[in-house]
Amino acid sequence: MASNSGSRDLILERIRAGLRAPVVGSQEPAQGGMIFAPVENILERFQQECKANLMELTLTSDEQASAGQLVAVLDSLPEGEIFLQDSPVLRRLIERARTARLIRWSSEGAPREASQATVSL
């Protein structure tokens, strides 16, 4: 049975040997080519990504409509903390919403596991 340092040396030697061996079927990376196709419609793509990630996306026309939508979303949630991205826009919206909900701003640290929702711009 090999000692701990002997086992370590064997593992390191295998890694070194693997690094020296050529990779079968490898190709040189393309120089300057595109990795992904350009996104033609950014909003449509964002909506698709939100849906795929089970995120609720609400589009509004102005700050007043955004505040109203925020109130509706907050009112629909069970009691508990709401985690918000700390931004001047969201701070204004929360002031307009006049909610009594417990708010945790992203500048205060990560959301707690018991957070009912995360709101971002």
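- Between the side chain of T99 and the backbone N or O of R101 there is at least one donor-acceptor pair closer than 3.5 Å.
- A heavy-atom distance below 4.5 Å is found between the side chains of Q47 and L57.
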Next item on the list: Run the numbers on E13 and R20 for salt bridge (charged side-chain N to carboxylate O under 4.0 Å, His left out), then give the verdict.
Entry: CA-CA 11 Å; E13 183 51 43; R20 287 190 297 267; 3.0 Å; yes
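- L74 and L90 fall within the same hydrophobic cluster, where Ile, Leu, Val, Met, Phe, Trp and Tyr residues are linked whenever their side-chain heavy atoms come under 4.5 Å apart, directly or through other members.
- A salt bridge is defined here as a Lys NZ or Arg NE, NH1 or NH2 lying under 4.0 Å from an Asp or Glu carboxylate O, and R96 with E63 meets this definition.
- In this structure, Q64 places its CD atom where only 12 or fewer heavy-atom neighbours from other residues, nucleotides or ligands lie under 6.0 Å away.
- For S106 (side chain) and D86 (main-chain N/O), a donor-acceptor pair under 3.5 Å exists by modelled atom type.
- In terms of modelled atom types and a separation under 3.5 Å, the side chain of E56 and the main chain of L54 share no donor-acceptor contact.
- With salt bridges taken as basic N to acidic carboxylate O contacts below 4.0 Å, none links E95 and R91.
- In this structure, CD in E81 is found 8.0 Å from CZ in F83, a value given to the nearest 0.5 Å.
- Judged purely by atom type and a 3.5 angstrom limit, S115 has no side-chain atom pairing as donor or acceptor with the backbone of P111.
- One N or O on the side chain of N41 and one on the backbone of L43 form a donor-acceptor pair closer than 3.5 Å.
- Both I82 and L93 are assigned to one and the same hydrophobic cluster, defined by single-linkage of ILVMFWY side chains at heavy-atom distances under 4.5 Å.
- A donor-acceptor pair under 3.5 Å is formed between the side chain of R104 and the backbone N or O of A110.
- Rounding to the nearest 0.5 angstrom, the gap separating the CD atom in Q69 from the OG1 atom in T60 is 7.5 Å.
- A heavy-atom distance below 4.5 Å is found between the side chains of I94 and W105.
- The line from CD of E108 to CZ of R112 is 8.0 Å long, rounded to the nearest 0.5 Å.
- A chain of hydrophobic side-chain contacts below 4.5 Å, direct or via other Ile, Leu, Val, Met, Phe, Trp or Tyr residues, connects L77 to V119.
- Counting only distance, with no hydrogens or angles, the side chain of Q85 and the backbone of L121 share a donor-acceptor pair below 3.5 Å.
- Here the straight-line distance linking atom CG of D9 with atom CZ of R14 works out to 12.5 Å at 0.5 Å rounding.
- Placement of F46 and L59 within a single hydrophobic cluster is found when ILVMFWY residues are connected by side-chain heavy-atom separations under 4.5 Å, directly or transitively.
- Taking the side chain as every heavy atom from C-beta outward, V89 and R92 approach each other to under 4.5 Å.
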